[in-house]
Amino acid sequence: MNVADSRRLASALEQLGYEPTRQPTEADVIVLNTCVVRQSAEDKAIGRLSSLRPLKDHNPDLVINLMGCLIGVRGNQKILERFPWVDVVSAPSDPEPLLAYLGQRGAKTSSDAAYQQRNALLDGEIILPKAEQGTLVSAYIPIVYGCSHACTYCIIPLKRGIERSRPYAEILGEAHSLARQGVKEITLLGQIVDRYGLDLPNPTTLAMLLGDLHQIEGIQRIRFLTSHPNWMTDELLEAVQALPKVCPHIEVPIQAGDDDILRAMRRGYTSAAYRQLVAKIRERIPGVSIATDIIVGFPGETDAQFQNTYQLLDDLRMDVAHLARYSPRTGTFSERKMEDDVPDKVKMDRFRRLETLQEEIASEINARLLGKSVPVLFEEKKRGRWRGRTPTNKLVFVDSTEDLLGHERPVRIEWTGPWSMIGMLDSSPLG
Ligand code: SAH
């Protein structure tokens, strides 16, 4: 979400005449876009913010914009008092405050230009930042902002506000403009992306949106994340199955495999329901890859309860598991009402056990691709090696002197590990 927000803002700044620099000391404007989903992310944001002070001391004209969840939709007065070198603050996904500030200062722009830019932002039209023009293969499109679910551990609803689906036409407009600029793959984003459209005046669904995005020439692949198990309708699964451009790749977090913990998290489903959903997804979408998220060490989690999560992951054999140790977030229900009573050492131990298990599972799943030919869309070349992904989101590296950027080519897999694989361009037809 932040990558998408930052890209939009970078694009807006370029329209106003600014150019990117890799040197913070050369910058006229610095935007720090922040995440606070766990304490570690917040600490990193605070660290970066602190490191900006000498730049401001050195160059008082420097404009520092603090954006994202460290500010949140309700603002954060304490942060401003603690870090007076911040000039502008903006809520997640909101480029307006910086554009308005720069417009007022008349620094390198007129308020007219800022105004036009704001209008363009509303139409969904996006012009890629210059550094990404002709090189960006895969782009994110936020389709639902905020979240109204209120899982007890989660700070996102407090920081990103209530759920708001973006207008249908605006999303299509953005996808069209990305396609015209050479983007081949789009990933639709939302905290509960499968609730897309339910809050719009004319209710629409993610399945309908996928159908219309599928028509866009140039777009070869479409993904969406993150889904909540309760909103994965048959209509959606059918759309994924029926639309060839929509990748067989589903991200649907379980968070815990124990029913008491799931209840305490207020997730709204049981582990049995989740198992059924996974079975259904696999039945409806042949060859699908499924990713999940798991939090270990939620308040009160016993060894036996953790064991239920371990067993579930062992049984369901997901392609990917994003693991996290519970981190109490200020203002959330669990932080206010529950004691963070699982010791760090135990959290770490549970985390490692799941990590080891997932490493085995992913190794086993990926090894099935050995010797097979898979379609890979290439995104970038780094240290002489092309990097791309399969429709199932497996990372593939290929050594080649050909220009593969933005091309989808069959690759014969020669080595597989838990997190990536290596292959060779395959000249024989896909099979
Ligand atoms: N909206 C999505 C993703 C939320 S953030 C969802 O509900 O699934 C991404 C992941 O961060 C979550 O899936 C969860 O596993 C993790 N996370 C969120 N809050 C957390 C917390 N307080 N401590 C540890 N992990 C957390």
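First listed ligand is number 1; within each ligand, the first listed atom is number 1. If you read the sequence from its start, that first residue is 1, and numbering goes on from there. Reckoned from all heavy atoms, side chains included, excluding hydrogens, waters and symmetry mates. Just so it is clear, the model here is predicted, and its values are computed rather than measured.
Annotation: atom 18 (C) of ligand 1 to nearest protein heavy atom, Val37 CG2, 3.6 Å. The single protein non-hydrogen atom nearest to atom 22 (N) of ligand 1 is Ser327 O, 2.8 Å, given as residue, atom name and distance. Summary of contacts: the protein heavy atom closest to atom 19 (N) of ligand 1 is Tyr153 CD1, 3.3 Å. Ranking the protein heavy atoms by distance from atom 24 (C) of ligand 1 puts Arg325 O, 3.3 Å first. Nearest to atom 11 (O) of ligand 1 among the protein's heavy atoms is Arg38 NH1, 3.2 Å. Among protein heavy atoms, atom 8 (O) of ligand 1 sits closest to Pro253 CG, 3.1 Å.
A side-chain donor from one of Arg353 and Gln307 sits under 3.5 Å from a side-chain acceptor of the other. The closest side-chain donor-acceptor pair between His249 and Glu251 falls under 3.5 angstrom. Of the N and O atoms on the side chains of Thr270 and Asp259, not one donor lies less than 3.5 Å from an acceptor on the other residue.
Distances below 4.0 Å separate heavy atoms of Tyr326 from the following atoms of ligand 1: 23 (N), 24 (C). Short contacts between ligand 1 and Gln255, defined as distances under 4.0 Å to a heavy atom of the residue, involve ligand atoms 8 (O), 12 (C), 13 (O), 14 (C), 15 (O). Close approach of ligand 1 to Ile295 (heavy-atom distance below 4.0 Å) involves ligand atoms 14 (C), 15 (O), 17 (N), 25 (N), 26 (C). In summary, the atoms of ligand 1 found under 4.0 Å from a heavy atom of Arg267, numbered by their order in the structure, are 7 (O). Residue Ile156 has at least one heavy-atom neighbour below 4.0 Å for each of these atoms of ligand 1: 4 (C), 5 (S).
Taking 4.5 Å as the limit, some side-chain heavy atom of Ile46 sits within range of a side-chain heavy atom of Phe83. Side-chain contact check for Arg387 versus Lys382: every heavy-atom pair is 4.5 Å or farther apart. When side chains are defined from C-beta on, Ile222 does not count as touching Glu185, because their heavy atoms never get closer than 4.5 Å. Using a 4.5 Å cut-off on side-chain heavy atoms (C-beta onward), Gln39 and Arg329 make contact.
With Glu163 as the partner, the side-chain hydrogen bond (donor to acceptor under 3.5 Å, both in side chains) test is satisfied by one option alone out of Arg195, His149, Gln191: Arg195.
A cation-pi arrangement, defined by a distance under 6.0 Å to the six-membered ring centre and an angle within 45 degrees of its axis, is absent between Arg164 and Tyr145.
Inclusion of Thr226 in the set of residues having an N or O under 3.5 Å from an N or O of ligand 1 is not warranted. The distance criterion of under 3.5 Å between nitrogen or oxygen atoms is met by Asp293 with respect to ligand 1. Close N/O approach between Arg329 and ligand 1 is not found [any backbone or side-chain N/O within under 3.5 Å].
Residue contacts with ligand 1 for His322 are absent, since no atom lies close enough (heavy atoms, distance under 4.0 Å). Proximity of Thr332 to ligand 1, defined as any heavy-atom pair under 4.0 Å, is not found for any part of the residue. Counting heavy atoms closer than 4.0 Å to ligand 1, residue Gln191 contributes atoms from both its backbone and its side chain. The part of Ala324 lying near ligand 1 is the side chain, judged by heavy-atom distances below 4.0 Å.
Contact detail for Glu335 and Pro328: the closest heavy-atom pair is CG-CB, 4.2 Å. The shortest heavy-atom contact between Ala207 and Ala239 is CB-CB, 3.9 Å. Nearest heavy-atom pair, Ser334 versus Tyr153, reported as atom, atom and distance to 0.1 Å: OG-CA, 3.3 Å.
Heavy-atom separations between His149 and ligand 1 are all 4.0 Å or longer.
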